[in-house]
Amino acid sequence: MANRVREPIQVYLTASERDELDRAAGDLGVSRSEALRRGIRALTEGRYAGDLRDLVEEGSLTPASTGPGEPPPALPVALLNDVLAGLARDREDR
């Protein structure tokens, strides 16, 4: 393996996020750091399809910062179906 310059980064995880990371790393047989690197690569390799890919590429859809069903604190959250319907209407108007 060629020498790589690596930059340290600090991430704060909830206990459940840490458990998920440990499980994923264990399932893959890699360190936590490597599991995170693979997760980042998976996000950037275009593994989204159709409308979701469009939303990710334009920055309208980002990974959840809290657990499923919990909106981020003090930020409005739109239902995905409402967002997709709005995008479809915008595209029809073009």
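Throughout, numbering of the chain's residues begins at 1 and tracks the sequence.
Counting only N and O atoms by type, the side chains of S33 and S31 include no donor and acceptor under 3.5 Å apart.
We find the CZ-CG distance between R89 and L84 to be 10.5 Å, quoted to the nearest 0.5 Å. To the nearest 0.5 Å, atoms CG (D27) and CG (D22) are separated by 10.5 Å.
Tracing side-chain contacts under 4.5 Å through hydrophobic residues (I, L, V, M, F, W, Y), one reaches V11 starting from L21; they form part of the same cluster. No chain of hydrophobic side-chain contacts below 4.5 Å, direct or via other Ile, Leu, Val, Met, Phe, Trp or Tyr residues, connects L28 to L36.
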Audit row: E34, R37, salt bridge (charged side-chain N to carboxylate O under 4.0 Å, His left out) steps and yes/no: CA-CA 5 Å; E34 181 60 23; R37 284 185 203 99; 3.2 Å; yes
